[in-house]
Colleague: 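Sharing a structure, written as structure tokens. Questions coming.
Just so you know, these numbers come straight off a predicted model, no measurement behind them. Here, residue 1 is the first one in the sequence, and each next residue gets the next number. Keep in mind that the numbers below use all heavy atoms, side chains included, and drop hydrogens, waters and symmetry copies.
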Amino acid sequence: MDSIDIGLAVTGGLLVLVVLGMRVAFAAGLAGMVGLIWIFWSKKGYAPDDFGWALTVAAKTAGQVPHSKVSSQALSLIPTFILIGYLAYYAGLTRALFEAAKRWIAWVPGGLAVSTVFASAGFAAVSGASVATSAVFARIAIPEMLKIGYDKRFAAGVVAAGGTLASLIPPSAILVIYAIIVEQDVGKLLLAGFIPGAFSAVVYGLLIVGLALTIKGFGPPVRGFTWRERLVVLPSALPIVLVVVTIIFFVYNPFGGDAWGTPTEGGAIGAFIVFLIAVWRGMRWTELKDALLETAKLSVMIFTIIWGVLIYVRFLGFADLPGAFADWITSLTLSPMLILICILLAYAILGMFMDAIGMLLLTLPVVYPAVMALNGGEFVSAADSAFGMSGPMCAIWFGILVVKMAEFCLITPPIGLNCFVVAGVRPDISVQDVFRGVTPFFIADGITIALLVAFPAIVLWLPGLV
């Protein structure tokens with residue numbers, strides 16, 4: 001067997017392990033190690049005496065991955081972004097944000113659900129984790145919606161879908177991971193997520209209003225708040241705005257000239273500001289300890305997945321599977337846009353069986369070079385490209401599209417992670433109920449993705465200004 005055949009065989013074995021229920025981190029690490037041994041042993045003609053040599057070289061190659069890749073400065077963004085979210089929750093900023101959204105938005109049809117979506121978007125602006133966002137609002141928003149007569153399935157679905165917004169709205173852990181895998185500018189990718197993330201929230205809100213207008217008794221509006229009550233609640237929600245503006249100004253320097261610091265430094269400053277706010281609002285040692293522990297648990301989970309998958313990615317490089325896939329994609333006679341749509345549909349199917357981070361880590365080393373080749377290459381100009389954008393801009397646009405697909409996968413059965421989180425926080429609501437509740441949001445996500453594909457300027461306008 002040549003290296004391509006070995007690559008395909010090991011990849012098939014990896015997919016079998018994932019379908020059988022093995023964690024992505026361990027399945028990818030095991031597949032990568034087996035693949036490396038196989039590749040090196042094949043170079044010696046499968047001589048029995050050389051198996052030990054192949055095993056030694058494979059172990060050394062795989063052993064370099066955890067330190068060489070995870071010691072990247074860009075990855076230090078992930079724990080700081082996650083810490084911001086947990087500190088904001090324990091400081092009470094999340095409840096203040098939800099209360100402000102409720103008083104200002106809940107008067108529209110389906111208003112409390114719309115308020116939940118926009119409060120989730122606001123919290124996503126200080127939290128890089130979709131799971132954390134869903135867990136927080138399952139505690140805060142679902143009781144409020146049930147109290148005024150919302151169907152429990154739809155209430156849970158709103159929270160699960162709203163939590164996905166943290167994947168796009170910076171700071172976003174998944175966008176950071178994408179930037180590292182494809183070696184693109186982290187700052188520009190984070191900036192590119194703002195408008196698509198806000199756009200997704202608006203589409204969700206319009207969907208809820210439409211359902212409330214067409215279905216009798218669905219999502220009754222909440223009225224009765226005076227202007228004084230609305231204005232009084234704003235100061236308690238302003239710290240979140242302060243944190244977001246601080247990070248943006250520090251990283252992007254809107255006054256022109258060089259940036260004041262790196263995204264990593266911006267994330268650290270944001271975490272420190274939220275920590276000071278939390279202390280000022282009376283956060284106890286127990287709450288600080290819980291925030292640190294939750295941050296550590298989620299960070300370790302993400303880093304473990306990265307370690308395992310990068311061993312598999314190292315094997316793919318030796319097997320030359322990404323190059324072969326790119327050559328095959330560019331040889332197809334279909335239009336580039338149709339091929340891109342097929343790739344996105346494949347992500348939707350794959351996401352039904354894998355978690356979002358693992359899915360991106362496993363596929364991007366193969367799919368990203370193919371998409372770039374489809375557009376004309378890494379350094380193609382907009383005039384000569386297939387999608388009407390330069391190579392760097394295509395990398396940003398495709399990044400937002402695949403992260404949006406990762407959002408979609410967080411609520412698709414059978415392993416939509418956000419749905420399991422909501423059901424775990426609310427034992428009175430089954431996972432099946434949550435999956436039924438998120439069904440309308442599949443339509444909203446489909447509309448959003450179609451518009452992002454049709455109008456790339458939604459994604460590229462902000463990073464184009466930098």
Colleague: Would you call Phe275 and Met283 a side-chain contact if the rule is heavy atoms closer than 4.5 Å?
Modeller: yes
Colleague: What is the distance from atom CG of Leu462 to atom NZ of Lys188, rounded to the nearest 0.5 Å?
Modeller: 12.5 Å
Colleague: Is any side-chain heavy atom of Phe199 closer than 4.5 Å to one of Leu451?
Modeller: yes
Colleague: Please confirm whether the backbone N or O of Arg284 pairs with a side-chain atom of Glu287, one donor and one acceptor, at under 3.5 Å?
Modeller: yes
Colleague: If you measure from OG on Ser115 to NZ on Lys102, what distance do you get to the nearest 0.5 Å?
Modeller: 8.5 Å
Colleague: Please determine whether salt bridge (Lys or Arg N to Asp or Glu O under 4.0 Å) holds for the pair Glu99 and Arg103, giving the CA-CA distance in whole Å, both sets of side-chain angles, and the decisive distance to 0.1 Å.
Modeller: CA-CA 6 Å; Glu99 187 63 30; Arg103 295 188 185 187; 2.9 Å; yes
Colleague: Could you check whether any side-chain heavy atom of Phe398 comes within less than 4.5 Å of a side-chain heavy atom of Met372, counting everything from C-beta outward?
Modeller: no
Colleague: Aromatic rings Phe137 and Phe98: how do their planes relate, parallel, tilted or perpendicular, breaks at 30° and 60°?
Modeller: perpendicular
Colleague: What's the shortest heavy-atom distance between Val425 and Ala138, and which atoms?
Modeller: CG1-CB, 3.8 Å
Colleague: With a 3.5 Å distance limit and no angle check, can you tell me whether Trp104 reaches the backbone of Arg230 through a side-chain donor-acceptor pair?
Modeller: yes
Colleague: Of all the heavy-atom pairs spanning Ala406 and Leu360, show the shortest one and how long it is.
Modeller: CB-CD1, 4.2 Å
Colleague: Can you confirm whether Arg153 sits close enough to Ile429 that some side-chain heavy atom of one is under 4.5 Å from a side-chain heavy atom of the other?
Modeller: no
Colleague: Are more than 12 heavy atoms from other residues, nucleotides or ligands located less than 6.0 Å from atom CZ of Phe272?
Modeller: no
Colleague: Nearest 0.5 Å please: distance from the CD1 atom of Ile329 over to the CG atom of Leu340.
Modeller: 10.0 Å
Colleague: I need the minimum non-hydrogen distance between Leu97 and Ala119, along with the two atoms involved.
Modeller: CD2-O, 3.2 Å
Colleague: For Ala156, is there any backbone N or O sitting under 3.5 Å from a side-chain donor or acceptor partner on Arg426?
Modeller: no
Colleague: Taking Ser134 for its side chain and Val422 for its backbone only, find out whether a donor-acceptor pair lies under 3.5 Å.
Modeller: no
Colleague: Quick check on Phe455: does its CZ atom have over 12 non-hydrogen neighbours (other residues, nucleotides or ligands) under 6.0 Å away?
Modeller: no
Colleague: Decide whether Lys404 and Thr448 meet the rule of one side-chain donor and one side-chain acceptor closer than 3.5 Å.
Modeller: no
Colleague: Can you check whether Phe408 and Phe442 have ring centres sitting under 6.0 Å from each other?
Modeller: yes
Colleague: Using every non-hydrogen atom in the two residues, find where Leu165 and Ala121 come nearest and quote the distance to one decimal.
Modeller: CD1-CB, 3.9 Å
Colleague: For Phe26, does the CZ atom sit with more than 12 other heavy atoms under 6.0 Å from it, leaving out its own atoms?
Modeller: no
Colleague: Could you go through the side chain to side chain contact (heavy atoms under 4.5 Å, CB included) check for Leu87 and Thr295 one step at a time?
Modeller: CA-CA 9 Å; Leu87 286 175; Thr295 300; over 6 Å; no
Colleague: As a test of understanding, state which of Leu401, Asp185, Leu189, Leu175 forms a side-chain contact (heavy atoms from CB on, under 4.5 Å) with Ile396.
Modeller: Leu189
Colleague: Spell out, as yes or no, whether a donor-acceptor pair under 3.5 Å connects the side chain of Tyr150 to the backbone of Ala155.
Modeller: no
Colleague: Does some side-chain heavy atom of Val209 sit less than 4.5 Å from a side-chain heavy atom of Leu206?
Modeller: no
Colleague: By the definition side-chain contact (heavy atoms from CB on, under 4.5 Å), identify the one residue from Thr164, Val159, Val438, Thr133 that meets it with Asn418.
Modeller: Thr164
Colleague: Grab the two heavy atoms, one from Val202 and one from Phe118, that are nearest each other, plus how far apart they are.
Modeller: CA-CZ, 4.2 Å
Colleague: Indicate yes or no: at least one non-hydrogen side-chain atom of Trp107 is less than 4.5 angstrom from one of Pro221.
Modeller: no
Colleague: Check whether any side-chain heavy atom of Ile411 lies under 4.5 Å from a side-chain heavy atom of Asp445, and answer yes or no.
Modeller: yes
Colleague: With no hydrogens and no angle check, is any side-chain donor or acceptor of Thr412 less than 3.5 Å from a backbone partner on Cys409?
Modeller: yes
Colleague: Go through the steps for Leu344 and Val453 under the test side chain to side chain contact (heavy atoms under 4.5 Å, CB included), then give the verdict.
Modeller: CA-CA 10 Å; Leu344 295 179; Val453 170; 3.9 Å; yes
Colleague: Take atom CZ in Arg281; do more than 12 heavy atoms of anything else shown fall under 6.0 Å from it?
Modeller: yes
Colleague: Using every non-hydrogen atom in the two residues, find where Leu410 and Ser167 come nearest and quote the distance to one decimal.
Modeller: CD1-OG, 3.6 Å
Colleague: Any heavy-atom pair between the side chains of Ile400 and Leu460 that's under 4.5 Å?
Modeller: no
Colleague: Kindly compute the distance separating CD1 (Ile174) from CG (Leu168), expressed to the nearest 0.5 Å.
Modeller: 8.5 Å
Colleague: Distance alone, cut at 3.5 Å: any donor-acceptor contact between the side chains of Tyr86 and Asp290?
Modeller: no
Colleague: Closer than 3.5 angstrom, by distance alone: can the side chain of Asn375 be matched with the main-chain N or O of Gly377 as a donor-acceptor pair?
Modeller: no
Colleague: Judged by modelled atom types alone, do Tyr312 and Thr11 share a side-chain donor-acceptor pair under 3.5 Å?
Modeller: yes
Colleague: Distance check, rounded to the nearest 0.5 Å: Tyr204 atom OH versus Ile443 atom CD1?
Modeller: 12.0 Å
Colleague: With side chain to side chain donor-acceptor pair (under 3.5 Å) as the test, would you mind laying out the steps for Tyr368 and Glu183 before giving the verdict?
Modeller: CA-CA 11 Å; Tyr368 173 77; Glu183 298 179 349; over 6 Å; no
Colleague: What distance separates Leu374 CG from Leu332 CG, expressed to the nearest 0.5 Å?
Modeller: 8.5 Å
Colleague: Going by the rule side-chain hydrogen bond (donor to acceptor under 3.5 Å, both in side chains), which residues pair with Thr363 if we only count those two or more places apart in sequence or in a different chain?
Modeller: Tyr347
Colleague: Decide side chain to side chain contact (heavy atoms under 4.5 Å, CB included) for Leu231 and Arg228; before the verdict, give the C-alpha distance in whole Å, the side-chain angles of both, and the deciding distance to 0.1 Å.
Modeller: CA-CA 5 Å; Leu231 294 172; Arg228 183 178 180 279; 5.9 Å; no
Colleague: Mark yes or no for whether Ser130, through its side chain, and Gly163, through its backbone, hold a donor-acceptor pair below 3.5 Å.
Modeller: yes
Colleague: Taking Glu144 for the side chain and Ala141 for the main chain, is one N or O donor matched with an acceptor at less than 3.5 Å?
Modeller: no
